[in-house]
Protein chains: 2
Amino acid sequence: MDRRVRRTRDLLRRALLDLILEKGYDRITVQDVIDRADVGRSTFYAHFTDKDDLLLSGLEEMSVTLEEQMRRHLEGGDPNPVLAAFRHADQHRHLWKALAGKRGAEVMRDGVRRRIYDIGLRRLHSVLPEGGPPHEVTFEFLMSSLVGLLTWWIDEDRPYTPEQMADMYMRLAISSVHGAYDVSGQFWKSVQ
Amino acid sequence: MDRRVRRTRDLLRRALLDLILEKGYDRITVQDVIDRADVGRSTFYAHFTDKDDLLLSGLEEMSVTLEEQMRRHLEGGDPNPVLAAFRHADQHRHLWKALAGKRGAEVMRDGVRRRIYDIGLRRLHSVLPEGGPPHEVTFEFLMSSLVGLLTWWIDEDRPYTPEQMADMYMRLAISSVHGAYDVSGQFWKSVQ
DNA sequence: ACCCTGCTGAACACTGTGTTCGGAAAGGGG
DNA sequence: CCCCTTTCCGAACACAGTGTTCAGCAGGGT
C-alpha cells in the first residue's frame, strides 16, 4: 500500500533529522536511524540505498518548497528578492539547521548552496551591469555571502527577523555592486 | 631518531595530499595512505591517532605560514589587507586545493575558514564604523564572501592573478560597507 | 660491534555496511 | 470474514575498514 510506504519513509526521514540535531550527521549509523524510527534493517535498504540517499530525499522535499516560495516572491514583484529565502529558513528552522547547519552533512550544504546558486544565477546575470569585475566573480561574492549569512543566522540563532536579515543583506549587496560597477541609481531601480 | 621520525611523518602527509587530489578525502582509507607512503600500519598509528589527525597536522603547518604572511602585510601597512591571503593561496595551490577545495575534508575547510575569520576579526572590529548593520552581520558577510572567493578561485582554476582577485574583492567589500553604513541612520534604527 | 630507537607486518577484536531470505503482519477486495 | 498481495521484519552472512598488540627486524649513533 502506498500509505504504508510513505509512512515508513517519513519515519526514517524524521528520525534522521532528529539524530542530526542531536549528534551530527557523520556520527550517525544506519542502525541508529532504524532503531529510532523502529523500522527493520532490510526495510531501510528497500527504500534507500544508503544514509546519504535518505538525506538527499529530505533535500528534495525542502528545495521544492524553497524554490516555489522564491519564485512566487519574484513573480509577485517583491522588492527584496532574498526575503523569501530568509523567510523559508525561518519557517523551517528545524530542517535548515539539520540540513544546512554545522551538524549537517557536507552533501547537504553543497546541495542547499547549489540550489540557491541556481536560483540566483538566473536572475543575477540579467541584472548585473557591465564595466566592473567579471560577472562570475561578483556572482561568487554575492552568493557565498548570502549562503554564509543564511546559515550563520540559523545556526547561531541570531535574534534578527527574516525581514531584517534580508534588508541588511540587500543593503550590503547592492552597495557593493553599486560601488564596484560605478553605476548610477539605475541599478537600484532595476533590482526593485 | 628525530630525522627518521620527521621523514616518516612527511611521507605520510605527502601521500595524503596526493590522494586527496586524486580521489577526495572521504574516499581515502588508512590503508591507501600507508601503501602510498610505503609505511607500516602500526607506524602510522604510532604517529597519528587517525586520518583526521594526519590531516590536521598539515593544516597547522599551512596556517602558521598564512598567519605570518598576513600579519606581515597588515603591519607593513599594506593597502590591501587580503592580498596576502590570495598570494598565499596562489603560492600553495597544491596545498590549498587539497585542504580547502571541494575534494578536501570538511574538518579542513572549517579550519581554514576559522583561521581567516580569526585574523579578520581582530582587524575588522576596530575598523567598522557605527550606524550600520550590527558588526557581527557585516563581519559574517565579508568573511564568507572572502572565503568563498578564495576557495572558488583556487578550486576552479580561474585565470586571475592574486592581485586582481584581491583588488576585486576589496572593491566589492569596501563599497558594500561604505554604502551600508553611510546612511542617515533612520533605516538602521528600525533594525537595531 | 653494540645498543637503542623506531619501523614492520601479521593477527586480532571490533564496528559498521549492505544483502538475502523465510516468514509475519497489515491492508484491500471480494 | 477470508484471501491475496504488498510491505515489513530480523537474523544471519560476507565484507571492508579501524585501531591495537607484539615479537622481531633494521640502521644510525657512540
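Letters A, B, ... are given to chains in the order of the sequence lines, protein chains preceding strands, and every chain is numbered from 1. For clarity, every value in this text was computed on a predicted model and none was experimentally measured.
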Who passes ring pair (Phe, Tyr, Trp, His ring centres under 6.0 Å) against [X], sequence neighbours left out?
X	answer
B:F139	B:Y117
B:F86	B:W153
B:H73	none
B:H125	B:H135

Please give me every residue in residues 8-25 of chain B whose heavy atoms get under 4.0 Å of an atom in DNA chain D, ordered by residue number.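 Those residues whose heavy atoms fall under 4.0 Å from DNA chain D, taken from residues 8-25 of chain B, amount to none.
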Charged N to carboxylate O below 4.0 Å: is that the case for A:K102 and B:D110?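 Not counted as a salt bridge, because no side-chain N and carboxylate O are separated by less than 4.0 Å.
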Taking only nitrogen or oxygen atoms into account, show me every contact under 3.5 Å that the protein makes with nucleotides 18-23 of chain D, one pair per line with its distance.
from   : atom 1 : to    : atom 2 : distance (Å)
D:dT18 : OP1    : B:V30 : N      : 3.3
D:dT18 : OP2    : B:V30 : N      : 3.3
D:dG19 : OP2    : B:Y45 : OH     : 3.2
D:dG19 : N7     : B:R41 : NE     : 3.4
D:dG19 : N7     : B:R41 : NH2    : 2.9

I want to verify a distance call: between D:dC9, C:dA25, D:dG29, whose nearest atom is closest to the A:R4 side chain? C:dA25
Take the protein atom CZ of B:R3 and the nucleotide atom P of D:dG28, then report the distance between them rounded to whole Å.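 Between P of D:dG28 and CZ of B:R3: 8 Å.
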Between B:R7 (CZ) and D:dG27 (P), how many Å, whole number?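 For the pair B:R7 CZ and D:dG27 P, the rounded distance is 11 Å.
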Please collect all side-chain hydrogen bond (donor to acceptor under 3.5 Å, both in side chains) contacts where either partner lies in residues 38-47 of chain B, sequence neighbours excluded, each pair once.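 Output for this query lists B:Q31-B:R41.
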Which is true for A:D38 with a 4.0 Å heavy-atom rule: it touches a base, it touches only sugar-phosphate, or it touches nothing? sugar-phosphate
Ignoring backbone atoms, establish whether A:H47 has a side-chain N or O less than 4.0 Å from OP1 or OP2 of D:dC8.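 Checking A:H47 against D:dC8: at least one side-chain N or O falls below 4.0 Å of OP1 or OP2.
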Residues two or more places apart in sequence or in another chain: which of them pass side-chain contact (heavy atoms from CB on, under 4.5 Å) with B:L56?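 B:L56 satisfies side-chain contact (heavy atoms from CB on, under 4.5 Å) with B:L59, B:V107, B:M108 only.
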Going by the rule salt bridge (Lys or Arg N to Asp or Glu O under 4.0 Å), which residues pair with B:R13 if we only count those two or more places apart in sequence or in a different chain? B:D10, B:E61
